[in-house]
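Basis for what follows: all heavy atoms, side chains included, without hydrogens, waters or symmetry-related copies. Residue numbers start at 1 and run along the sequence shown. Just so you know, ligand 1 is whichever comes first in the structure, and atom 1 is the first atom listed for that ligand.
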Amino acid sequence: MRKPVIAIDGYSSTGKSSISKIIARQLGLVHMDTGALYRGITYFALTHCMNGDAAINLPKLFLHLNEINLEFRNVDGELELFLNGRNISKEIRSNAVSANVSLVACQKEVRDFLLGIQREIATKGGVILDGRDIGTVVLPDADYKFFLTASVEERTRRRFLELKSLAIDTDEDQVMQNLTLRDQIDSEREVAPLRKADDAILIDNTNLTKKETVDLILGYINVLT
Ligand code: C5P
């Protein structure tokens with residue numbers, strides 16, 4: 001039997017990636033955190049394509065996109081992101097990357113570049129992709145689509161704890177500002193904006209644990225199968 005293609009979209013820090021990872025493990029699917037790809041391109045831009053120290057030089061980034069090789073590799077059971085052979089999993093969570101990623105993700109050149117990588121992995125089925133435009137643009141024919149949301153206070157709390165566990169220095173105000181600004185830029189951009197696909201199931205997990213959200217999604221998949 002062909003394994004399913006699952007799209008999980010939603011706002012920042014709604015738990016999309018960690019929930020997708022658990023579902024992938026339970027259903028034997030391959031998981032791709034597409035936000036990590038946008039973060040990887042942003043990290044490349046911050047280290048190779050700057051106008052002095054001030055701002056990313058976007059035209060220069062577009063010229064160098066073909067020099068970027070991003071791949072997920074299994075490191076001790078976890079999929080970690082490698083940029084041209086170097087593990088950048090920690091770097092892509094930095095404040096500098098978080099502050100610039102939505103600007104980079106607005107660019108059509110960047111989105112076109114990443115579209116192929118994302119679609120390629122889904123061709124054989126058996127995948128779960130999480131991001132912002134998976135159900136609307138990347139995999140509009142996905143077998144199951146979910147859209148996650150939660151209050152901004154709860155999302156701030158989750159992201160703050162995640163960054164703390166990674167020993168990244170920040171405070172809750174900064175985290176909330178970054179989340180709100182990214183959601184706004186992501187929702188208002190012209191190319192592939194963050195929005196719920198008409199046929200996606202909406203889940204507000206403000207008052208749900210990670211496990212409860214996973215069980216809810218698995219419940220829908222069982223009912224719809
Ligand atoms: O998921 P994460 O918060 O790591 O994503 C970082 C950023 O990457 C988002 O704020 C958004 O700007 C961009 N992104 C996107 N489309 C996706 C996944 C992420 O534009 N499919």
Side-chain angles (χ1 to χ4, degrees), residues 5-21 31-46 56 58 61 68 70 72 79-81 83 88-122 127-140 142 145-150 152 154-163 165-166 168 170 174-197 200 205:
V5 170
I6 304 175
I8 310 257
D9 290 302
Y11 292 99
S12 303
S13 293
T14 45
K16 296 183 301 291
S17 291
S18 46
I19 286 162
S20 300
K21 198 189 293 180
H31 167 228
M32 181 182 260
D33 164 7
T34 66
L37 299 174
Y38 288 93
R39 288 174 178 271
I41 304 263
T42 306
Y43 176 73
F44 177 88
L46 288 170
I56 293 175
L58 289 168
L61 171 63
I68 299 179
L70 287 171
F72 290 97
L79 282 186
E80 304 209 338
L81 187 67
L83 167 65
I88 55 162
S89 294
K90 172 125 200 259
E91 288 81 347
I92 60 170
R93 303 290 156 201
S94 69
N95 294 331
V97 169
S98 295
N100 286 281
V101 64
S102 287
L103 168 77
V104 170
C106 280
Q107 311 303 320
K108 186 175 182 317
E109 291 80 353
V110 171
R111 302 203 76 82
D112 287 347
F113 176 71
L114 289 180
L115 195 56
I117 302 179
Q118 296 171 82
R119 282 193 177 148
E120 167 79 33
I121 194 173
V127 291
I128 180 163
L129 268 64
D130 78 88
R132 304 293 189 289
D133 61 339
I134 309 302
T136 50
V137 174
V138 179
L139 305 173
K145 298 182 186 178
F146 298 91
F147 189 91
L148 303 187
T149 186
V152 71
E154 177 58 20
R155 295 189 287 120
T156 301
R157 196 184 67 80
R158 292 176 192 166
R159 180 56 62 107
F160 178 67
L161 291 177
E162 183 195 348
L163 293 175
S165 75
L166 293 171
I168 293 176
T170 187
Q174 197 183 350
V175 171
M176 187 182 280
Q177 262 182 30
N178 176 257
L179 287 185
T180 317
L181 185 64
R182 276 200 292 132
D183 287 342
Q184 186 186 348
I185 299 175
D186 293 343
S187 306
E188 292 178 356
R189 69 180 173 225
E190 274 180 30
V191 199
L194 162 64
R195 76 171 176 78
K196 179 186 160 303
N205 66 14

Do the side chains of [Y] and [X] get nearer than 4.5 Å, heavy atoms only?
X: Leu103; Y: Thr42; result: no
X: Leu81; Y: Ile92; result: yes
X: His31; Y: Asp130; result: yes
X: Arg189; Y: Arg132; result: yes

Would you mind checking which non-hydrogen protein atom is closest to [atom], with the distance to 0.1 Å?
atom: atom 6 (C) of ligand 1; value: Arg182 NH1, 3.4 Å
atom: atom 21 (N) of ligand 1; value: Asp133 OD1, 2.9 Å
atom: atom 19 (C) of ligand 1; value: Gly35 CA, 3.5 Å

Need the ligand 1 atom indices (1-based, order shown) with element for anything under 4.0 Å from a heavy-atom of [X].
X: Arg111; value: 15 (C), 16 (N), 17 (C), 20 (O)
X: Arg39; value: 2 (P), 3 (O), 4 (O), 6 (C)
X: Arg93; value: 4 (O)
X: Ala105; value: 12 (O), 13 (C), 20 (O)

With Ser12, the side-chain hydrogen bond (donor to acceptor under 3.5 Å, both in side chains) member among Thr180, Asp183, Asn178, Thr156: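 For Ser12, the side-chain hydrogen bond (donor to acceptor under 3.5 Å, both in side chains) check succeeds only for Asp183.
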
For the pair Arg155 (side chain) and Ala150 (backbone), establish whether a donor and an acceptor sit closer than 3.5 Å, ignoring hydrogens and angles.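 Yes, because the side chain of Arg155 sits within donor-acceptor range (under 3.5 Å) of the backbone of Ala150.
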
Exam field: side chain Asp9 to backbone Asp133, donor-acceptor pair closer than 3.5 Å: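 The answer is yes, because a donor-acceptor pair under 3.5 Å joins these two groups.
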
Please say which of Ile8, Ile134, Ile128 ends up in a side chain to side chain contact (heavy atoms under 4.5 Å, CB included) with Phe146.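 Of the listed options, the one satisfying the test is Ile8.
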
Of the listed options Thr34, Asp33, Asp186, closest to atom 9 (C) of ligand 1 (non-hydrogen atoms):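 Among Thr34, Asp33, Asp186, the closest heavy atom to atom 9 (C) of ligand 1 comes from Asp186.
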
Counting heavy atoms only, name the option from Val101, Leu115, Thr136 that's nearest to atom 7 (C) of ligand 1.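 Heavy atom nearest to atom 7 (C) of ligand 1 belongs to Val101.
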
Test of proximity, Ser102 against ligand 1: N or O pairs below 3.5 Å: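 The answer is yes, given that Ser102 and ligand 1 share an N or O pair closer than 3.5 Å.
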
With respect to Asp130, determine whether any N or O atom, backbone or side chain, lies less than 3.5 Å from an N or O atom of ligand 1.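 No, there is no polar N/O contact under 3.5 Å.
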
Where on [X] is there a heavy atom closer than 4.0 Å to ligand 1, on the side chain, on the backbone, on both, or on neither?
X: Met32; value: neither
X: Gln107; value: neither
X: Arg132; value: both

Does a side chain donor of either Asn205 or Arg158 reach within less than 3.5 Å of an acceptor in the other side chain?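 Present: a donor and an acceptor within the cut-off.
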
